[in-house]
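This is a predicted model, so every value here is computed, not measured. Just the heavy atoms: all of them, side chains too, but no hydrogens, waters or symmetry mates, feed the values below.
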Amino acid sequence: MNRALAALGLRHRIVIAFALVALLVSTVFAVSTYALARGYLLGQREDVVQRQALADAGFVQRRLETAGADVSAVLTAAGTPAGYVVVLKWQDQWYGSALDQGREAVPVEMRAEGAEGRAATQRVDSADGPVLVVGVPLPAVGGEFYEIAPLNELDGILRLLSLILIGGAVLSAGAGAALGAWASRSVVTPLNRVAVAAATIAGGELDTRLPPTEDPELATIVASFNSMVQTLQQRIERDARLAADVSHELRSPLTTLVGSVDLLTARRDELPPRSQQLLDLISADLDRFRRLLDDLLELARSDAGLDLGSEATVPLGELLRYVVGEVGADPALVKGAEGIEVRGDKARLGRLFRNLLENASRHGGGATAVLVSRSGDDVLVEVDDAGSGIPPEERERVFERFATGPNRRGSSSGTGLGLALVAETAAAHGGAVWCEASPAGGARFVVRLPEVKR
């Protein structure tokens, strides 16, 4: 039961709770009302029948005391109300005011009470419906008087009352469910607004705020949420500006160093062997440093929420073949890209695929295939490499910033930023990227981008 309720949503649980409480309260009220009404009506009915029976018994006894009285005439003259039946035991004979009523109409228990000279009252279900039997002893004439009163009318009233109370309980449960629906909507709607705002903020729209409310219970939550988002936005913008400023400041000395190293490289043959080795190390580290600055600037641009540059329709096949050739691979690796176009910043899309291909070259033994296919309204670009693959538990972590695994897989620069940039750029273009196992045994990186339909 608890698992079933837990599987339901909050709104459904609130509606069910309100309906059950309303049903419980209305059921208790209905049962109590029916019990009190039934007891009162039966009590009143018994009092009336008992008084009528005592009066009729007194009349019959006086007539029987008269010598030569005709029992049938006496019972007829008793004047009982319509529908009542009188049964008399006198001189060991049973008489009835109705032809089909006699000794058998009186319950055995009451006959035993009458034989002992005690009055009794009992409700009985007969073939014609419920009846009330009142027994009165007649000691003066040595007889027993029984009056049978029908209860059909009272039974009908009680049935109608029970139907009305049941209907009221059902209506109360329905009203409780309606009230629960209204209450749940009042409770869940603010939560939905918070959830939508949080999802929007997570999607990069840091300017999103909850609208002000006049509800004093929610005003504190709204103010706290908006204050938290404001602080978060300021921190993210400050961190993005810091990364961008540091990268820009480092570019000038880096440019000077690169120029100096290029000058030394031009006269490399004049240097001794040890100096040539040192020059090669410096050149490699400077190249790595330059790539790191470029990646940091790109990430800072993404974190700052800047729009795409020159967004245009990009022929995917042409772009992929150019990038594959640029990294030194065979453009013939690209398959299935003819006639497919995507929309976005051509330079940033080129960087995306270049990072994937360089990552495959540095850490996966080189790209073995670049396959393009359609999936609904999207385009899938699959880049396979010849490496040993990536364990399933590492396939999400490789897209985190500065994530490097045992094989230092995760970046074209060895710093863990290359694949992070791939994920950021794909998301900025309305797509996504993930890693899976290649059928050939290596790793497969899949980029999903929306296709431009013609």
Side-chain angles (χ1 to χ4, degrees), residues 29-168:
F29 174 78
V31 171
S32 302
T33 301
Y34 181 80
L36 292 174
R38 183 176 182 274
Y40 175 78
L41 293 176
L42 284 175
Q44 292 293 315
R45 184 63 170 166
E46 287 182 2
D47 290 342
V48 171
V49 174
Q50 287 173 355
R51 286 195 297 268
Q52 180 68 41
L54 289 174
D56 293 340
F59 173 81
V60 170
Q61 180 174 277
R62 289 191 298 272
R63 288 297 184 91
L64 291 178
E65 290 175 345
T66 304
D70 184 359
V71 176
S72 298
V74 170
L75 296 180
T76 303
T80 56
Y84 281 49
V85 175
V86 174
V87 177
L88 177 65
K89 180 184 180 183
W90 185 54
Q91 296 180 352
D92 294 330
Q93 297 291 323
W94 289 86
Y95 304 91
S97 61
L99 295 177
D100 57 345
Q101 299 289 342
R103 177 176 179 274
E104 300 302 326
V106 180
V108 176
E109 298 85 355
M110 293 197 67
R111 294 202 300 266
E113 294 286 338
E116 295 179 3
R118 291 194 298 266
T121 302
Q122 184 176 347
R123 289 191 295 272
V124 180
D125 289 327
S126 67
D128 297 328
V131 295
L132 181 65
V133 183
V134 178
V136 180
L138 303 177
V141 295
E144 301 170 17
F145 178 88
Y146 301 94
E147 187 159 312
I148 304 173
L151 297 178
N152 291 329
E153 182 179 356
L154 178 59
D155 185 63
I157 292 174
L158 292 176
R159 288 179 182 274
L160 178 61
L161 177 62
S162 65
L163 291 176
I164 292 174
L165 292 175
I166 292 173

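Contact detail for M110 and V134: the closest heavy-atom pair is CE-C, 3.9 Å. In plain terms, the two heavy atoms of F145 and A53 that are nearest each other are CE2-O, 3.6 Å. The shortest non-hydrogen separation linking P107 to V124 is CG-CG2, 3.5 Å. When all heavy atoms of L165 and A30 are compared, the closest pair comes out as CD1-O, 3.3 Å. When all heavy atoms of P137 and G117 are compared, the pair lying nearest together is CG-O, 3.5 Å. A pairwise comparison of heavy atoms in R111 and E104 identifies NH1-CA, 4.5 Å as the closest pair.
At a cut-off of 3.5 Å, with distance as the only test, a side-chain donor of Y146 or E144 sits close to an acceptor on the other residue.
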**Verdict with supporting geometry, L138 and W90, side chain to side chain contact (heavy atoms under 4.5 Å, CB included)** = CA-CA 9 Å; L138 303 177; W90 185 54; over 6 Å; no

**Message:** Does L88 form a side chain to side chain contact (heavy atoms under 4.5 Å, CB included) with L64? I'd like the steps, not just the answer.
**Reply:** CA-CA 11 Å; L88 177 65; L64 291 178; 3.8 Å; yes

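Applying the side-chain hydrogen bond (donor to acceptor under 3.5 Å, both in side chains) test to every pair with at least one member in residues 147-158, sequence neighbours left out, gives these pairs: D155-R159. The side-chain hydrogen bond (donor to acceptor under 3.5 Å, both in side chains) contacts involving residues 33-47 comprise E46-R123, where partners must be two or more places apart or lie in separate chains.
L151 CG to L41 CG: the interatomic distance, rounded to the nearest 0.5 Å, is 11.0 Å. Taking CG of L158 as the reference point, atom CG of L42 lies at 6.0 Å (rounded to 0.5 Å).
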